Amino acid sequence: MSTQDNQSSEARREPEIAARLRRLRHAMVREQIIARGITNARVVRAMARLPRELFLSDALMDEAYSDGALPSMDGQTISQPYIVALMTDRLRLEPNHRVLEIGTGTGYQTALLAMLSKRVCTIECHAGLAARARDCLERLNLKNIEYHVGDGALGWPDGGPFDRIIVSAATEHPAAPWLSQLRAGGILIAPIGRANDVQTLTLFRRGGFGFTSHPIIQCRFVPLV
Ligand code: SAH
């Protein structure tokens, strides 16, 4: 077969692959998200549109819509779709919200936040992961994201206030800068507990006189370093 034939058969395969991945994505949304009780239309619609395979290495493309976390670069993970959906749902995002994300990772969660709010400020400590995530998010033409490489435990360099804060790495306590950068009435969601153990995904709300906290579900995240 000539090189030209090869190229045209490659090109012919691409729409088939895209169609198969779209079917898998819609099945994931039905079976892993809606069937488990997440019916918020904005969250469901965004998850049905966002191609998770873009955030994975080619070798993992067939796993893109499987019901679990997957490895990303540097021994980190891309979270299970259900956990991403649950965190996004419980944030109750509104189109005018400013959101702070700790732990950009692959950028999959960042993309959903950007699709559902006004502005996302995201912090990642691994420069390589941050660069790869930024590349994916720019290819998706998401322009309402600010990136920072550094220690998320210090909060956003220019301060808040943020309407919502989402933490994607396990910590025993919410860091003080997050609490002070959350506006009154704001929500913070973080996996609280020891690294290398089960944590409790916890929702904190800033009230007039301090914080309330509510457990959401048991989970396992990589540690905040
Ligand atoms: N939601 C992400 C998963 C993030 S995994 C996704 O779906 O892809 C957690 C991320 O937090 C990792 O990329 C890790 O490098 C990052 N991280 C851990 N400690 C951090 C810290 N102190 N500051 C910023 N990022 C941190």
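Values in this document were obtained by computation on a predicted structure and should not be read as measured data. Read the numbers this way: they start at 1 and go in the same order the structure lists the ligands and their atoms. All residue numbers in this chain count up from 1 along the given sequence.
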Report all side-chain donor-acceptor pairs from residues 127-137 shorter than 3.5 Å, counting only partners two or more places apart or in another chain.
unit_1: R134; atom_1: NE; unit_2: E138; atom_2: OE2; d: 3.0

task = Taking only heavy atoms of S79 into account, list the atoms of ligand 1 that are under 4.0 Å away from them.
result = 1 (N), 3 (C), 6 (C), 7 (O)

message = Going by the rule salt bridge (Lys or Arg N to Asp or Glu O under 4.0 Å), which residues pair with R20 if we only count those two or more places apart in sequence or in a different chain?
response = D62

task = Using a strict 4.0 Å threshold on nitrogen-to-oxygen distance, state whether R36 and D89 make a salt bridge.
result = no

ask   = Hey, which atoms in ligand 1 end up nearer than 4.0 Å to a heavy atom of G103?
value = 4 (C), 10 (C), 11 (O), 16 (C), 25 (N)

query = Charged N to carboxylate O under 4.0 angstrom, R183 versus D163?
reply = yes

Region of E124 engaging ligand 1 - heavy atom pairs below 4.0 Å = both

note = Per-atom filter on ligand 1: closer than 4.0 angstrom to a heavy atom of P223 are 18 (C), 19 (N)

request  = Among all protein heavy atoms, pick the one closest to atom 9 (C) of ligand 1 and tell me residue, atom and distance.
outcome  = S168 O, 3.2 Å

ask   = Quick one: does W156's side chain have a donor or acceptor within less than 3.5 Å of a partner on I123's backbone?
value = no

ask   = Is the backbone of R52 close enough, under 3.5 Å, to the side chain of Y65 for a donor and an acceptor to pair up by distance?
value = yes

From the candidates C125, A111, A153, the one that places a heavy atom nearest atom 26 (C) of ligand 1 = C125

query = Less than 3.5 Å between some nitrogen or oxygen of Y108 and one of ligand 1, yes or no?
reply = no

key: Under 3.5 Å: donor-acceptor pair, side chain of Q199, backbone of F221   = yes

ask   = Considering only the protein, which heavy-atom contact is closest to atom 6 (C) of ligand 1, and what is its distance?
value = T106 OG1, 3.6 Å

M115 backbone acceptor or donor facing R49 side chain under 3.5 Å = no

request  = Using the side-chain hydrogen bond (donor to acceptor under 3.5 Å, both in side chains) rule, take Q218 and T200 through it: C-alpha gap first, then chi angles, then the decisive distance, then the call.
outcome  = CA-CA 5 Å; Q218 300 291 98; T200 305; 3.1 Å; yes

inquiry  = Is any side-chain heavy atom of I33 closer than 4.5 Å to one of M28?
reply    = yes

inquiry  = Could you tell me, atom by atom, which parts of ligand 1 come under 4.0 Å of a heavy atom of G150?
reply    = 23 (N), 24 (C)

query = Got the closest protein heavy atom to atom 12 (C) of ligand 1, with its distance?
reply = Q76 OE1, 3.3 Å

query = Which atoms of ligand 1 sit under 4.0 Å from any heavy atom of L129?
reply = 13 (O)

query = Is there a path from L182 to I192 through hydrophobic residues (I, L, V, M, F, W, Y) whose side chains come within less than 4.5 Å of each other?
reply = yes

Atom 19 (N) of ligand 1 - nearest protein heavy atom and its distance = V225 N, 2.9 Å

query = Of all the heavy atoms in V222, does at least one lie under 4.0 Å from an atom in ligand 1?
reply = yes

inquiry  = Show me which atoms of ligand 1 lie under 4.0 Å from any heavy atom of T77.
reply    = 3 (C), 4 (C), 5 (S), 8 (O)

inquiry  = Using a plain distance cutoff, I'd like to know if D151 has any nitrogen or oxygen under 3.5 Å from a nitrogen or oxygen of ligand 1.
reply    = yes

inquiry  = Show the atoms of ligand 1 that are less than 4.0 angstrom away from any heavy atom in H126.
reply    = 15 (O)

request  = Starting from atom 23 (N) of ligand 1, find the nearest protein heavy-atom neighbour and note its residue, name and distance.
outcome  = G152 N, 2.7 Å

inquiry  = Out of all atoms in ligand 1, which are within 4.0 Å of some heavy atom of Q109? Include the element for each.
reply    = 1 (N)

